[in-house]
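Structure first, then comments.
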Amino acid sequence: MVSQGGAPGSTAARGRQVGGRAGQGRGYAGRWGGRKGNGKGRTRRGRDMRQSRTFIPTLRESPADAEIASHRLLVRAGYLRKVASGIYEFLPLGTRVVQRISRIIREEMNAAGAQEVMLPIMQPRELWEESGRWAKYGPEMMRLKDRAGRDFGLGPTHEEVITDLVRNNVSSYRDLPLNLYQIGTKFRDEVRPRFGLLRAREFLMKDAYSFDRDEEGMRLSYKAMYEAYGRIFTRCGCTWRAVEAATGLIGGDISHEFMVPAEVGEDHIALCDSCSYSANLELAGYRRTETPRGEGKAMERVSTPGMRTIEEVSGYLGMEPRRMVKCLMYLVEGKPVAVLVPGDREANEVKLARVLGTDEFRLFNESDWKEHPDYLQGFVGPVGLDSAEIIADESLRGAGGLACGANERDVHLVHVEEGRDFRPHSFADLTSARTGDPCPRCGEPMRVEAGIEVGQVFQLGLKYSEAMRCYYHDENGEVRPMYMGCYGIGVTRLMAAVVEQHHDERGIIWPLSVAPAFLHILALDYQREGRRKAAEDLYRECLEKGWEVLLDDREESAGVKFADADLLGIPFRAVIGRGYDEDGTLELQERATGQRARLTRENLFRRLEEARESFRDLAERGDM
RNA sequence: CGGGGUGUGGCGCAGCUUGGUCAGCGCGCAUGCUUUGGGAGCAUGAGGUCGGCGGUUCAAAUCCGCCCACCCCGACCA
């Protein structure tokens with residue numbers, strides 16, 4: 001089995017082997033729960049999973065509140081139940097899947113030199129004050145008081161706690177690098193939980209934190225995690241891609257997100273197939289090649305009675321929306337700022353936050369318009385707008401032939417040219433790329449696709465170590481802050497993502513690596529003595545091999561058993577039915593392909609062993 | 001937080017407009033018999049004070065008010 005890692009400062013902690021597998025080869029034997037050999041005195045070594053005695057409440061109908069496949073199927077198939085909005089119970093099969101995913105994560109984390117710890121969910125306010133995030137995190141952090149009235153937060157993430165742990169116990173360069181991780185419950189009081197496990201309030205997360213002497217070390221730690229993440233998602237059966245990402249509340253400079261492409265994903269990423277540039281749409285750049293040009297005509301006023309929206313005005317004037325200047329009024333730290341973007345684009349507020357250097361801003365609301373009556377909602381334009389700072393999207397640099405509000409009721413201006421008629425205080429990248437926009441690196445057209453963020457890695461640098469005084473002594477006795485990184489995987493979200501990528505209309509199709517069982521034995525007409533005995537024998541034999549097997553020993557009709565088996569999605573199915581009566585053969589079905597074969601008992605085992613063997617090879621190579 | 005919607009046995013729903021044998025249907029559950037290769041049939045049965053509180057009325061699942069929960073869209077979050 002895999003080493004659980006050593007104490008701080010041990011070989012396991014120091015033995016960095018970027019990109020490789022530090023430590024010993026991982027034990028893939030008994031992937032379905034089985035120890036191999038040496039089970040003397042015990043006839044059964046696999047877990048006993050008789051369906052009649054296992055808590056798998058399947059539903060014939062979809063629950064009314066489930067919209068997406070993963071949510072619907074996980075509930076219908078008896079893996080999951082909701083107890084409150086965004087809060088779920090994992091039933092035995094769901095728990096199995098979580099454990100299997102967790103196991104893959106542990107193997108890869110341990111192999112990459114990280115050590116597992118367990119950190120508290122409930123964390124004292126004081127730590128969060130140190131990092132400044134008690135104020136900054138906002139209502140998303142669940143807060144509570146103990147009986148003495150002391151403030152605590154339920155950890156939405158664990159940088160503070162881990163930094164506190166390390167600063168108090170690590171003080172020498174000899175103990176670095178150090179990488180600690182946990183798999184634990186996180187709580188985030190999401191504004192709007194939805195999509196089952198994809199956006200839950202309480203969820204399981206693997207989070208790791210690395211501590212290094214310098215930036216170079218941090219980069220190596222980052223690289224090791226990045227590569228481990230790729231292996232983890234691949235082994236869980238996901239297609240994925242890593243993209244450049246924004247850092248948000250966690251902070252730091254460099255970050256990548258691991259995205260699992262899926263229609264239902266809430267994130268969007270821009271991809272270039274020519275040069276492999278890929279980034280979250282929040283920060284993906286694109287080249288401005290569509291900048292409209294003018295013909296040197298003089299600016300002109302036109303009457304646009306009652307027309308406030310881009311659609312209304314552009315339709316009335318017969319101009320393309322991209323020639324309209326959308327002038328958005330923002331209140332930035334209490335001051336009005338005009339943000340100019342082409343009429344056919346939206347402002348990207350993540351980019352805007354970067355440019356403004358603050359996230360204290362919002363689009364004008366009703367009362368803001370009232371308080372600033374000199375800005376006429378629907379007719380604001382950059383020409384003659386002296387009272388506000390004006391920042392414009394890059395695509396408006398040198399643009400001409402534009403139309404915009406005249407800062408006068410029911411009037412717009414046409415033939416407007418940037419540079420001649422108005423001049424923004426600055427230009428910046430303020431809009432999101434769309435499919436077809438040119439790649440910022442190579443200029444080829446990109447595409448935008450939806451994905452589920454299943455993991456994110458950050459180079460934190462000194463953000464927390466300086467704020468929280470997490471220092472060490474180097475060889476010369478100098479006191480230096482540690483360079484940190486942090487690395488998260490949404491374990492339960494990953495489970496949902498796997499289902500999103502692996503299901504059909506009838507149910508889940510688990511990849512072998514994370515399936516709650518390897519084989520599902522269905523004995524049809526279980527009452528028939530011969531079939532029952534055959535099923536029991538097969539079951540026992542599988543258990544002795546250490547396989548995880550689910551035996552459908554219920555006295556249900558064939559249709560019910562098949563339908564439930566499709567729903568549960570266990571990769572292989574052995575059916576004992578008519579074929580068995582006729583010539584003693586069993587039918588092996590593969591859930592993913594639907595392939596069926598009537599086999600003798602010996603051949604059935606041979607085929608299953610082959611499947612396990614080829615899977616094991618894939619796993620060793622990191623292809624699975 | 002804004003907008004919309006829903007809350008009726010374990011699950012999915014009807015009933016509400018036009019208060020009064022409306023507490024009902026399907027699935028599930030229990031018992032018995034017959035069934036068993038794609039969600040079986042017959043029979044019998046258990047189970048809901050209709051989200052909560054208050055009001056109107058002779059009478060409220062149904063009308064009114066407040067509250068709560070859940071869902072969707074948006075805002076938010078990363």
Side-chain angles (χ1 to χ4, degrees), chain A residues 57-68 71-72 75-78 81-87 136-141 156-157 186 188-196 198-201 203 205 243-252 255-259 265-269 280-283 346 348-350 353 359 361-363 365-366 451-458 486 488 490 493 506-507 522-528 531-532 552 554-568 573-582 585-587 589 594 596 598:
Chain A
T58 58
L59 299 174
R60 184 182 296 240
E61 293 177 86
S62 293
D65 60 2
E67 286 226 310
I68 62 168
H71 187 196
R72 191 166 12 97
V75 173
R76 270 194 67 201
R81 287 291 185 269
K82 184 177 69 182
V83 65
S85 181
I87 302 178
K136 215 170 175 198
Y137 221 100
E140 193 171 313
M141 179 155 73
T157 172
K186 294 274 187 287
R188 294 183 187 175
D189 197 4
E190 290 282 349
V191 181
R192 188 175 162 206
R194 65 186 123 175
F195 299 146
L198 284 192
R199 182 162 292 251
R201 292 195 292 175
F203 57 98
M205 183 168 172
V243 305
E244 292 176 22
T247 53
L249 269 178
I250 307 284
S255 177
H256 288 84
E257 284 167 331
F258 289 77
M259 296 286 190
E266 295 184 87
D267 283 273
H268 293 271
I269 54 185
N280 193 308
L281 211 53
E282 290 170 345
L283 51 64
E346 306 296 322
N348 174 325
E349 295 197 347
V350 174
D359 47 16
F361 64 86
R362 63 152 189 264
L363 210 48
N365 63 24
E366 288 300 322
I452 299 165
E453 179 201 335
V454 290
Q456 186 167 12
V457 292
F458 300 80
C486 76
R493 179 185 279 186
R506 291 201 302 264
L522 306 196
L524 306 182
D525 195 0
Y526 201 68
Q527 283 300 303
R528 293 202 201 179
R531 293 187 186 178
R532 171 191 291 241
D552 191 347
R554 299 174 303 166
E555 290 178 14
E556 291 285 355
S557 70
V560 170
K561 292 193 177 192
F562 280 124
D564 273 349
D566 288 338
L567 192 55
L568 296 190
R573 182 183 309 171
V575 181
I576 295 162
R578 281 184 192 142
Y580 182 78
D581 296 338
E582 287 163 12
T585 55
L586 312 170
E587 186 171 290
Q589 300 182 6
R596 307 170 173 200
R598 273 174 71 165

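Naming convention: chains lettered A, B, ... in sequence-line order (proteins, then strands); numbering from 1 in each chain.
Rounded to a whole angstrom, the distance from the C1' atom of B:C70 to that of B:A60 is 24 Å. Comparing the C1' positions of B:G65 and B:A43 gives a spacing of 49 Å, expressed to the nearest Å. For B:C29 and B:G12, the C1' atoms lie 15 Å apart once the distance is rounded to whole Å. When the C1' atom is used for both B:U35 and B:A23, the distance is 34 Å, rounded to whole Å. Remark: the separation of the P atoms in B:A75 and B:G15 is 34 Å, to the nearest Å. Look at the C1' atom in both B:G26 and B:G20: the space between them is 28 Å, to the nearest Å. For the C1' atoms, the distance from B:U31 to B:A46 is 11 Å, rounded to whole Å. Comparing B:G51 with B:A69, their P atoms are spaced 16 Å from each other, to the whole Å.
With hydrogens and angles ignored, the 3.5 Å screen pairs a side-chain donor or acceptor of A:R201 with a backbone N or O of A:S85. In this structure, A:R76 contributes its side chain and A:L59 its backbone to a donor-acceptor pair below 3.5 Å. One N or O on the side chain of A:Q456 and one on the backbone of A:A246 form a donor-acceptor pair closer than 3.5 Å.
Rounded to an integer number of Å, the gap from CZ of A:F361 to C1' of B:C77 is 13 Å. What separates CZ of A:R554 from C1' of B:U36 is a distance of 13 Å, to the nearest Å. Across the protein-nucleic acid pair, A:L524 atom CG and B:G39 atom P stand 12 Å apart, rounded to whole Å. For the pair A:E555 CD and B:C29 C1', the computed distance is 16 Å after rounding to whole Å. Between A:L522 atom CG and B:G38 atom C1' the separation is 11 Å, expressed in whole Å. Rounded to whole angstrom, the span from the CE atom of A:M141 across to the P atom of B:C77 amounts to 16 Å. Protein atom CZ of A:R199 is 11 Å distant from nucleotide atom P of B:C77, rounded to whole Å. Atom NE2 in A:H268 sits about 15 Å away from atom C1' in B:C77, given to the nearest Å.
At B:G39, none of the side-chain N or O atoms of A:R60 fall inside 4.0 Å of OP1 or OP2 (strictly under the cut-off). Distances shown here put a side-chain N or O of A:S557 below 4.0 Å from the OP1 or OP2 atom of B:A40.
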Query raised in the report: side-chain contact (heavy atoms from CB on, under 4.5 Å) between A:F562 and A:V575: does it pass, once the steps are laid out?
Result: CA-CA 9 Å; A:F562 280 124; A:V575 181; 3.9 Å; yes
Requested in this report: Apply side-chain contact (heavy atoms from CB on, under 4.5 Å) to A:D564 and A:R554, showing your working.
Outcome: CA-CA 11 Å; A:D564 273 349; A:R554 299 174 303 166; 3.0 Å; yes
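Nucleotide B:C77 forms a pair with no other nucleotide shown, judged by Watson-Crick or G-U wobble geometry with both contacts under 3.5 Å. Of the nucleotides present, B:G5 is the one that pairs with B:C70 by Watson-Crick or G-U wobble criteria, both distances under 3.5 Å. Across every strand in view, B:C53 sits in a pair with B:G65 that passes the Watson-Crick or G-U test at under 3.5 angstrom. Across all strands shown, B:A40 pairs with B:U34; the Watson-Crick or G-U wobble distances both stay below 3.5 Å. Across the strands present, B:C29 finds its partner in B:G45; the criterion is a Watson-Crick or G-U wobble pair with both atom distances under 3.5 angstrom. Across all strands shown, B:C58 forms a Watson-Crick or G-U wobble pair with B:G20, both key distances being under 3.5 Å.
Each of A:V350 and A:R76 lies near RNA chain B, and the nucleotide nearest A:R76 is the one positioned closer to the 5' end. Toward the 5' end of RNA chain B, the nearer of the two residues A:R192 and A:F458, judged by each one's closest nucleotide, is A:R192.
Side-chain atoms of A:D525 lie closest to B:U36 of the nucleotides B:C11, B:C1, B:U36. Closest to the side chain of A:E190, out of B:G37, B:U36, B:C77, is B:C77. In this structure, of B:C70, B:G39, B:G37, it is B:G37 that holds the atom nearest to the side chain of A:R596. Listed nucleotides B:C71, B:A75, B:G38 differ in distance to A:Q589; the shortest reach to its side chain belongs to B:G38. When distances are taken from the side chain of A:R573 to each of B:G38, B:G39, B:G37, the shortest belongs to B:G38. Distance from the side chain of A:E61 is smallest to B:G26 among B:G74, B:G26, B:G37. Of the candidates B:G12, B:G39, B:C76, the closest approach to any side-chain atom of A:A64 belongs to B:G12.
The CD atom of A:E67 sits 9.5 Å away from the CZ atom of A:R72 when rounded to the nearest 0.5 Å. Note: A:R493 CZ to A:I452 CD1 = 8.0 Å, rounded to the nearest 0.5 Å.
Side-chain to base pairing of A:R194 with B:C71: no donor and acceptor N or O lie closer than 3.5 Å to each other. For A:R531 and B:G37, a side-chain-to-base donor-acceptor distance below 3.5 Å is absent, hydrogens and geometry of angles not being considered. Counting atom types as modelled, A:R578 pairs no side-chain N or O with a base atom of B:G38 as donor and acceptor under 3.5 Å. Contact of A:D564 with B:G39 (side chain to base): a donor-acceptor pair of N or O atoms is detected under 3.5 Å.
Contact annotation for A:K561: no contact, since no heavy-atom pair falls under 4.0 Å across all strands. Using a 4.0 Å heavy-atom criterion, one finds that A:E556 contacts the bases of the nucleic acid, with or without backbone contacts as well.
Two residues are said to be in side-chain contact when any heavy atoms from C-beta on lie closer than 4.5 Å; A:T157 and A:M205 fail this criterion.
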